[in-house]
Amino acid sequence: MTEWMQIVGVAVLFLMGLRLSAFFSGAETGFYRLSLPRLGIDAQSGDRTAMELLWFANRPSNFVATTLVGNNLANYLVTLAVTHGAVMAFGEDSEWAEVVATLLISPVVFLFGELLPKYVYYRAPLARMRLQIRWFSAFYLAALPASMPLVLLTRLVERLAGQQNRSQELLPGRGRFLQMISYGHHEGLLSQAQSTLATGVLAIASQSVVESMTPAHRVLGLPESAGREEILAFARRFGMPVVALCAATDQSSPDAPQWTSYVRVSELQVRMDPVADVRRPMPTLGRTATKLEALAVMHEHAAVYASVVDEAGRVLGAVSQRSLVEQLFRPPQRVTQPLVV
């Protein structure tokens, strides 16, 4: 009975060491395969597991030190089990038996304790780490007395080398943001359209709205005094769903037309109200406004046109919401043709 208990004890010890080796070897691979953008998004939504993973992601030295301690413990348990097993089978004087047993058992340990776990965690890092992070955190706390000196030594070396661990940036710069978009698309967080849109927003964020403005004297439109039939005929002639209207009635004036409003042709056809009641005002934008600011203003006012004015309030030109939205999905281009919505 005692002999069977020893055999069972050796087997349990070996399996524990093998399991710990698989756990820490796989976790090490999965840790470096984690998607930080995805972790950040999940953590901000209140996912506690993601918060825990992100905590270790921002402190890689703590994770690596814990993994090192865990791997050493696993190797010690496997070696202890193999040694006791060889002694039980061949006696205490059979040193060659311990060597042979170690050589025979090494492929098993390598396959099931190193290779397969690394492959599994490499293929599904986030899913596996989510399942195991609580166990890892518990071992981190238990192994803190042994791992903390390694962490402090690592930080000392980093300080002497002029390198410091950086936590995940909450407000990433342009380069980092583009990298996150690309990584998010690769990881399946963003579709192609979403990735293109995010890149487009970043591209036009700092560009002046003047670059997409149609100069006032080139805008296709009519005076505000134009009647219903005149506007409809003008819209049919140029194929325009929206017609811009200017306050200046004298088109031969040296001053540029003051485009201040527009009318939707569909509303003009459906509603029998006077043109003045159907007319919609254009929101005004300063010449220093960016394209992204222009989109925000037009979205707030539900407007398809906006006028760009100088410091004196004179209209320099007009910009359409459609042209700005198109630039979110293609390289920005200067508008050179007459304004058509």
Can you name the closest pair of heavy atoms from Ala43 and Ala50 and give their distance? N-CB, 3.7 Å
If you round to the nearest 0.5 Å, how far is CG of Leu53 from CG of Leu39? 5.5 Å
Phe24 and Phe139: CA distance, side-chain angles, deciding distance, ring pair (Phe, Tyr, Trp, His ring centres under 6.0 Å) verdict: CA-CA 11 Å; Phe24 289 107; Phe139 186 85; 4.8 Å; yes
Out of curiosity, Leu295 CG to Leu324 CG, how far, rounded to the nearest 0.5 Å? 4.5 Å
Is a side-chain N or O of Asp273 found less than 3.5 angstrom from the main chain of Asp277, in a donor-acceptor match? no
Pairs flagged by salt bridge (Lys or Arg N to Asp or Glu O under 4.0 Å) wherever residues 122-138 is involved - sequence neighbours left out: Asp42-Arg130, Asp47-Arg130, Glu52-Arg134
Taking the side chain as everything from C-beta on, heavy atoms only, tell me whether Val210 gets closer than 4.5 Å to Met213. yes
Distance-only polar pair, side chains of Thr67 and Glu28, donor-acceptor under 3.5 Å: no
Axial cation check for Tyr122 ring with Arg33, 6.0 Å and 45° limits: yes
I'd like to know whether Val265 forms a side chain to side chain contact (heavy atoms under 4.5 Å, CB included) with Leu232, so could you lay out the CA-CA distance, the side-chain angles of the two residues, the decisive distance to 0.1 Å, and finally the verdict. CA-CA 7 Å; Val265 176; Leu232 292 176; 3.8 Å; yes
Could you tell me which non-hydrogen atom of Gly239 sits nearest to which non-hydrogen atom of Pro241, and how far apart they are? O-CD, 3.8 Å
Parallel, tilted or perpendicular: which fits the ring planes of Phe23 and Phe136, with parallel below 30° and perpendicular above 60°? tilted
I'd like to know if Phe14 and Phe112 are part of one continuous hydrophobic network [Ile/Leu/Val/Met/Phe/Trp/Tyr, side-chain heavy atoms within less than 4.5 Å]. yes
Are Val109 and Leu68 co-members of a hydrophobic cluster defined by side-chain heavy atoms under 4.5 Å apart? no
So, using side-chain contact (heavy atoms from CB on, under 4.5 Å) as the criterion, who are the partners of Leu152 when residues are at least two apart? Met148
Determine whether Leu316 and Arg287 make a side-chain contact, defined as any pair of heavy atoms from C-beta on separated by less than 4.5 Å. yes
Result block: side-chain N/O donor-acceptor pairs under 3.5 angstrom for residues 297-304, not counting sequence neighbours:
from	atom 1	to	atom 2	distance (Å)
His301	ND1	Val297	O	2.9

Flag the pair Tyr32 / Val64 as yes when at least one side-chain heavy-atom distance between them is below 4.5 Å, and no otherwise. yes
Between Arg264 and Arg280, which heavy-atom pair has the shortest distance, and what is it? NE-NE, 3.7 Å
Answer yes if Phe56 and Met51 sit in the same cluster of Ile, Leu, Val, Met, Phe, Trp and Tyr residues linked by side chain heavy atoms under 4.5 Å apart, and no otherwise. no
Side chains of Thr290 and Glu293, heavy atoms from C-beta outward: is any pair under 4.5 Å? yes
Taking atom types as modelled and ignoring hydrogens, do the side chains of Lys291 and Ser208 form a donor-acceptor contact shorter than 3.5 angstrom? no
CA sep, side-chain torsions, deciding dist, call: Ser261, Glu224, side chain to side chain donor-acceptor pair (under 3.5 Å): CA-CA 8 Å; Ser261 60; Glu224 290 182 348; 3.2 Å; yes
Rounded to the nearest 0.5 Å, what separation is found between the CG atom of Leu54 and the CG atom of Asn58? 4.5 Å
Backbone N or O of Ala22 within a donor-acceptor pair of the Ser25 side chain at under 3.5 Å? no
All heavy atoms of Pro274 vs all of Arg228, minimum pair found to be N-NH2, 4.3 Å
Donor-acceptor contact below 3.5 Å, side chain Trp259 vs main chain Ser307: no
Measure the spacing between CD1 of Ile7 and NE2 of His84 and express it to the nearest 0.5 Å. 14.0 Å
Yes or no on side chain to side chain contact (heavy atoms under 4.5 Å, CB included) for Leu222 and Ile231, after CA distance, side-chain angles and deciding distance? CA-CA 7 Å; Leu222 293 171; Ile231 295 175; 3.9 Å; yes
If hydrophobic clusters are built by linking Ile, Leu, Val, Met, Phe, Trp and Tyr wherever their side-chain heavy atoms come under 4.5 Å apart, do Leu18 and Leu77 end up in the same one? no
For Leu285 and Ala294, work out which heavy atoms get closest and say how close. CD1-CB, 3.5 Å
From Ser21 OG over to Met16 CE, what is the distance, rounded to the nearest 0.5 angstrom? 13.0 Å
Cluster check Trp135, Val69: I/L/V/M/F/W/Y, side chain < 4.5 angstrom: yes
Using side-chain heavy atoms (C-beta onward) and a distance below 4.5 Å, is Val209 in contact with Val308? yes
Any side-chain heavy-atom pair of Tyr262 and Val243 under 4.5 Å: no
Nearest heavy-atom contact between Leu220 and Ala244 is O-CB, 4.0 Å
Pro60 versus Phe31: any side-chain heavy-atom pair under 4.5 Å? yes
Roughly how far, to the nearest 0.5 Å, is OH of Tyr305 from OG1 of Thr214? 8.5 Å
4.5 Å side-chain heavy-atom contact, Val315 and Pro257: no
